[in-house]
Amino acid sequence: QVIALVGVPTDIGAGHRGASMGPEALRVAQLAEKLRRRGLEVVDRGNLHGPMNPWQPPQNGYRHLPEVVAWNTAVHAAIHHELQAGRLPVMLGGDHCLAIGSISAVARHCRESGRKLRVLWLDAHADFNTSQVTPSGNIHGMPVACLCGNGPRELVEIGEQVPATSPDVFRQIGIRSVDEGEKRLVREARVDIYDMRHIDEVGIKRTMEEALEGLDADTHLHVSFDVDFLDPSIAPGVGTTVRGGPTYREAQLCMEMIADTGRLGSLDIVELNPAYDKRNRTARLAVELVESLFGKSTLMRGPD
Ligand code: DIR
Ligand code: MN
Ligand code: MN
Ligand code: MN
């Protein structure tokens, strides 16, 4: 299967500038070349285009809502196009608001092809805020809520079916920062959250077994990888670091266990912010982890 890289150079939904440089940082870290070296076929579609970041304060609880709609409309069309053509899309963000466009496209494709959807949300944050409870107005803190129908009409309606998906398709892993009002919302929606305490208590292996449970031959697995999932000591190049995240080895095992399912159908790599990084090390780490996600491992491990 051909992997299609789709760059989305914007920080329109974030509270810090610089995630717009994410796609180029991943290219500089040789994402395409490293995957090709593994024998995979990769096409780089270049970057999507959209409005400049006007850097305005929030209005009615949302910062840059019209611009966020414009970018996500472009993402939805591009990702759906790749899926329709049988390719495996990798969205190079960009901030995490762009998951509204990508996951709504994946959900639409699953409906059209009669497949089930599972979304692994690797993140320090639950991204389940609404305009009522957001502390920031930044829409990168709201994509999961929007995808579940809880958000402004213009965003909730991207992807035709409203809501695009439902809380039960999500498994959130690595969570360690949930805002006060957001806690009530994730609880009410019964979002399946494997927070850092859960990982501490049962370990990353058991956590991933739980999150991946019930996948079958016709499940499409989407991974939404917010780079702030990782501990800031290994991944400083993000706008909103939260200490106490997965270590290098925990992250590797997480990616390898996803690869082992053989069900990966699409991927977002978001929130990478080279302005906060040193010598592109966070992009290089992200590329290394994505190699594992696509099957790289130390030894060959068979069923016997
Ligand atoms: C915070 C930060 N929960 C907010 N969110 C995210 O502003 O809603 N940072 N996603 O990466
Ligand atoms: Mn996020
Ligand atoms: Mn389709
Ligand atoms: Mn995050």
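Whatever order the structure lists them in is the order used to number ligands and atoms, beginning at 1.
The closest protein non-hydrogen atom to atom 8 (O) of ligand 1 is Asn129 ND2, 2.8 Å. Among all non-hydrogen protein atoms, the one lying nearest atom 9 (N) of ligand 1 is Thr240 OG1, 3.1 Å. Ranking the protein heavy atoms by distance from atom 3 (N) of ligand 1 puts Asp179 OD2, 2.7 Å first.
Shown here for Glu82 and Val6, the closest heavy-atom pair between the two residues is CG-CG2, 4.3 Å.
Using cut-offs of 30° and 60° on the angle between ring planes, the pair His64 and Trp55 is tilted. Under the 30°/60° scheme for interplanar angles, the aromatic rings of His80 and His76 are found to lie parallel.
Using a cutoff of 4.0 Å between basic side-chain nitrogens and carboxylate oxygens, Glu210 and Arg206 are scored as salt-bridged.
Side-chain atoms of Leu253 and Glu250, non-hydrogen and from C-beta on, never get closer than 4.5 Å to each other. Contact annotation: the side chain of Gln161 never approaches that of Ser104 to less than 4.5 Å [non-hydrogen atoms, C-beta and beyond]. Taking 4.5 Å as the limit, some side-chain heavy atom of Met208 sits within range of a side-chain heavy atom of Ile173.
For the 3.5 Å distance criterion, the side chains of His125 and Asp226 fail to qualify, holding no donor opposite an acceptor.
Within 6.0 Å of atom CZ in Arg17, more than 12 heavy atoms from other residues, nucleotides or ligands are found, so the atom counts as buried in its surroundings.
Residue Asp228 touches ligand 1 through its side chain alone, judged by heavy-atom distances below 4.0 Å. At a 4.0 Å heavy-atom cut-off, ligand 1 touches His125 through the side chain alone.
Near the Mn ion (ligand 2), less than 2.8 Å away, sit the protein N, O or S atoms His96 ND1, Asp123 OD2, Asp127 OD2, Asp226 OD2.
Annotation: Asp127 places an N or O atom under 3.5 Å from an N or O atom of ligand 1; distance criterion only. Where the criterion is an N or O separation shorter than 3.5 Å, residue side chain and backbone included, Ser136 meets it with respect to ligand 1. Polar contact check, Thr134 against ligand 1: no nitrogen or oxygen pair lies under 3.5 Å apart.
The closest donor-acceptor contact from the side chain of Arg176 to the backbone of Val242 lies under 3.5 Å.
Using a non-hydrogen distance threshold of 4.0 Å, His96 does not register as a contact of ligand 1.
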